[in-house]
Amino acid sequence: MNHLGDAHLRTWTLRFMALLAADVRTRFAWPGKRELETDSAVEALGLLCRVSEGLAERGAFEPEDLRDLQAIGRCLAELDATRRTGLWANSLATDPAWDAIRPLARRLLITTLGDWRQALPRPVGPPTGQHSATPRRKNPAGPLNAPTRRVIATRGVTR
């Protein structure tokens, strides 16, 4: 088992399962002001379910955990293109598939961690329409110096 990589993927899988296991109000509140598309959520969650098969082969998940993850993956795969359009918050409110997934995710978390109430993943990225003009990555040589900040702030035009 690649302890760092597998442990990281296992942690993220369980955090997203905690999101699926959460009550409706928590799932609505999770993205904050971000507008998460249903298709993006389904793709990310489905990917984690598929990756978990390899994690189980390497011992990061037990076979019974894998069965629950596969069942969740099947539920996600059943969401056709029409049901994947629009905002995830709207889908949570109207599509019964999310209610069917909740007990599967809760069972997985209870058997794996002892309780379904776990830390949720942090939402990623800026809120919709709030894109930053400065890059988020750091300079490997250290913090940005003043001339570099000036170039970034003026979008490549030096003063």
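Position 1 is the first residue of the sequence, and the numbers go up from there.
Side-chain N or O atoms of Arg107 include none that pairs as donor or acceptor with a backbone N or O of Asp68 at under 3.5 Å. Within the 3.5 Å criterion, the main-chain N or O of Gly86 finds a donor-acceptor partner in the side chain of Thr38. Distance alone, capped at 3.5 Å, places no donor-acceptor pair between the Thr112 side chain and the Leu109 backbone.
Side-chain heavy atoms closer than 4.5 Å link hydrophobic residues (I, L, V, M, F, W, Y) into clusters, and following such links, even through other members, never connects Leu47 to Leu66.
Shown here for Ala18 and Ala119, the closest heavy-atom pair between the two residues is CB-O, 3.8 Å. In terms of heavy-atom proximity, Met17 sits nearest to Ala105 at O-CB, 3.5 Å. Across all their heavy atoms, Phe28 and Ala93 have their closest contact at CZ-CB, 3.6 Å.
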Item to complete: Assess whether side chain to side chain contact (heavy atoms under 4.5 Å, CB included) is satisfied between Thr26 and Leu120, documenting all intermediate values.
Response: CA-CA 10 Å; Thr26 302; Leu120 300 179; 3.6 Å; yes
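Salt-bridge check for Arg84 with Glu37: failed, with every basic side-chain N at 4.0 Å or more from each acidic carboxylate O. With salt bridges taken as basic N to acidic carboxylate O contacts below 4.0 Å, one links Asp115 and Arg117.
For the atom pair OG1 (Thr13) and CZ (Arg10), the distance works out to 9.0 Å, reported to the nearest 0.5 Å. Between the CD1 atom of Ile101 and the CG atom of Leu19 there is a distance of 11.0 Å, given to the nearest 0.5 Å. For the atom pair CZ of Arg74 and CD of Glu78, the computed distance is 8.5 Å after rounding to the nearest 0.5 Å. Distance CG/Leu113 to CG/Leu14: 5.0 Å, rounded to 0.5 Å. Taking CD1 of Ile110 as the reference point, atom CH2 of Trp116 lies at 8.5 Å (rounded to 0.5 Å).
Between Gln70 and Glu53 there is a side-chain heavy-atom pair separated by less than 4.5 Å. Looking only at side-chain heavy atoms (C-beta outward), Trp88 and Trp98 come within less than 4.5 Å of each other. Within the 4.5 Å cutoff, no side-chain heavy atoms of Leu92 are placed close to those of Val24. Looking at heavy atoms from C-beta onward, Asp99 lies in side-chain contact with Arg102 at the 4.5 angstrom threshold.
Aromatic ring pairs are classed by plane angle as parallel below 30°, tilted from 30° to 60° and perpendicular above 60°; the pair Trp12 and Phe16 is tilted.
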